[in-house]
Amino acid sequence: EVQLQASGGGLVQAGGSLRLSCAASGFTFDDYTTCWFRRAPGKEREGVSCISSDDGSTYYADSVEGRFTISSDNAKNTVYLQMNSVNPEDTAVYYCAAGSGLASVIEALLTGAGMDYWGKGTQVTVSS
């Protein structure tokens, strides 16, 4: 059974850090581009970051560039999102998703297109 499990969310103060994990079962991340998305209350889903399966290139939304870092550990079949200098606008449910054979990682980041598998989210709450 294919599963993506996101974890690591919680309550953090503004300016603090948090690391989210996305563990896969039933498939390996080697062949899949993996992305993080988030949905804040009352807002549409937003692409946060992706890491390409082709060459490990990373992509970030402007809102998190320079503060968040996506990485993968293929041995653990896990993708991480290191969140630094968080602010209340980062409060959201964070989801990880994976897709293969993408035409465009940027399109995937912007729209979620091409994602084959989606995990259940993990709540991140940033207090001011």
Side-chain angles (χ1 to χ4, degrees):
E1 180 184 4
V2 172
Q3 276 192 330
L4 286 174
Q5 181 64 54
S7 62
L11 176 64
V12 60
Q13 286 190 330
S17 297
L18 210 58
R19 188 177 79 159
L20 306 184
S21 299
C22 176
S25 58
F27 71 102
T28 59
F29 277 132
D30 288 7
D31 300 324
Y32 285 78
T33 289
T34 307
C35 298
W36 287 94
F37 298 86
R38 67 186 181 185
R39 187 188 296 274
K43 295 186 178 180
E44 294 189 354
R45 186 185 66 203
E46 175 189 19
V48 175
S49 180
C50 295
I51 184 166
S52 170
S53 61
D54 290 339
D55 58 4
S57 295
T58 56
Y59 302 79
Y60 298 94
D62 290 344
S63 58
V64 307
E65 179 83 56
R67 300 187 297 121
F68 292 8
T69 303
I70 191 170
S71 62
S72 65
D73 185 336
N74 289 340
K76 295 183 178 180
N77 213 25
T78 300
V79 171
Y80 303 98
L81 184 70
Q82 179 67 43
M83 306 168 60
N84 296 332
S85 302
V86 297
N87 57 61
E89 288 69 41
D90 295 319
T91 295
V93 177
Y94 284 72
Y95 303 86
C96 57
S100 64
L102 299 183
S104 169
V105 178
I106 293 177
E107 182 181 8
L109 178 63
L110 291 175
T111 69
M115 294 289 104
D116 299 315
Y117 307 120
W118 291 81
K120 293 181 180 180
T122 185
Q123 175 72 47
V124 172
T125 302
V126 182
S127 63
S128 57

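Just so we're clear, the structure is a prediction, and the values are computed from it rather than from any experiment. Residue numbers run from 1 in the order of the sequence given.
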Student: Taking side chain as C-beta onward, heavy atoms only, is R67 less than 4.5 Å from D90?
Tutor: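 The answer is yes; the side chains approach within 4.5 Å.
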Student: I'd like to know if the two cysteines, C22 and C96, have SG atoms within less than 2.5 Å.
Tutor: yes
Student: Quick check: closest heavy atoms across A6 and K120, and the distance to 0.1 Å?
Tutor: CB-O, 3.5 Å
Student: Taking the side chain as everything from C-beta on, heavy atoms only, tell me whether S63 gets closer than 4.5 Å to E89.
Tutor: no
Student: Mark yes when over 12 heavy atoms from residues, nucleotides or ligands other than D55 sit less than 6.0 Å from its CG; otherwise mark no.
Tutor: yes
Student: So do K76 and S21 actually touch side chain to side chain, heavy atoms under 4.5 Å?
Tutor: no
Student: Indicate, with yes or no, if V124 and V48 share a hydrophobic cluster defined by side-chain heavy-atom contacts under 4.5 Å among Ile, Leu, Val, Met, Phe, Trp and Tyr.
Tutor: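 Result: yes, single cluster for both.
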Student: Given the rule that I, L, V, M, F, W and Y join up when any side-chain heavy atoms are under 4.5 Å apart, are L109 and I51 in one cluster?
Tutor: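 Shared cluster, no.
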Student: On a heavy-atom basis, which atom in C50 and which in T33 lie closest, and how many Å separate them?
Tutor: CB-CG2, 4.4 Å
Student: Taking C-beta and beyond as the side chain, do I70 and Y60 meet within less than 4.5 Å on heavy atoms?
Tutor: yes
Student: If hydrophobic clusters are built by linking Ile, Leu, Val, Met, Phe, Trp and Tyr wherever their side-chain heavy atoms come under 4.5 Å apart, do L11 and L18 end up in the same one?
Tutor: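 No, L11 and L18 fall in different hydrophobic clusters.
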Student: Nearest 0.5 Å, please: how far is CG in L110 from CD in E46?
Tutor: 10.0 Å
Student: Do S100 side-chain atoms and Y32 backbone N/O form a donor-acceptor pair below 3.5 Å?
Tutor: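 Absent.
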Student: Please report the shortest heavy-atom distance between R45 and G112, naming the atom on each side.
Tutor: NH2-CA, 3.9 Å
Student: Transitively linked via ILVMFWY side-chain contacts under 4.5 Å: W118 with Y80?
Tutor: no
Student: Side chains of S25 and E1: does their closest heavy-atom pair fall under 4.5 Å?
Tutor: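 Heavy-atom side-chain distance check fails, nothing below 4.5 Å.
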Student: Could you report the tightest heavy-atom contact between S52 and Y59, atom names first, then the distance?
Tutor: CB-CE1, 4.3 Å
Student: Within this structure, what is the CZ-OG1 distance for the pair R19 and T69, rounded to the nearest 0.5 Å?
Tutor: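 The OG1 atom of T69 is 11.5 Å from CZ of R19, to the nearest 0.5 Å.
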Student: Can you confirm whether I106 is buried at CD1, in the sense that more than 12 heavy atoms of other residues, nucleotides or ligands lie under 6.0 Å from that atom?
Tutor: no
Student: Same hydrophobic cluster for M83 and V64, using side-chain heavy-atom links shorter than 4.5 Å among ILVMFWY?
Tutor: yes
Student: Restricting to non-hydrogen atoms, name the atom on A108 and the atom on L102 that form the minimum distance, rounded to 0.1 Å.
Tutor: CB-CD1, 3.8 Å
Student: Looking at N77 and F29, would you say the former's side chain and the latter's main chain have a donor-acceptor pair under 3.5 Å?
Tutor: yes
Student: Determine the minimum heavy-atom distance between P88 and A14, stating which atoms define it.
Tutor: CD-CB, 4.2 Å
Student: Do R38 and L81 make a side-chain contact, defined as non-hydrogen atoms from C-beta onward lying under 4.5 Å apart?
Tutor: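 R38 does not reach L81 side chain to side chain.
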Student: Using the side-chain contact (heavy atoms from CB on, under 4.5 Å) definition, which of the options T34, N74, D73, L20 pairs with V79?
Tutor: T34
Student: Any side-chain heavy-atom pair from T91 and Q123 closer than 4.5 angstrom?
Tutor: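 In contact.
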Student: Taking the side chain as C-beta and beyond, is there a heavy-atom pair between F68 and W36 under 4.5 Å?
Tutor: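 Side-chain contact under 4.5 Å: no.
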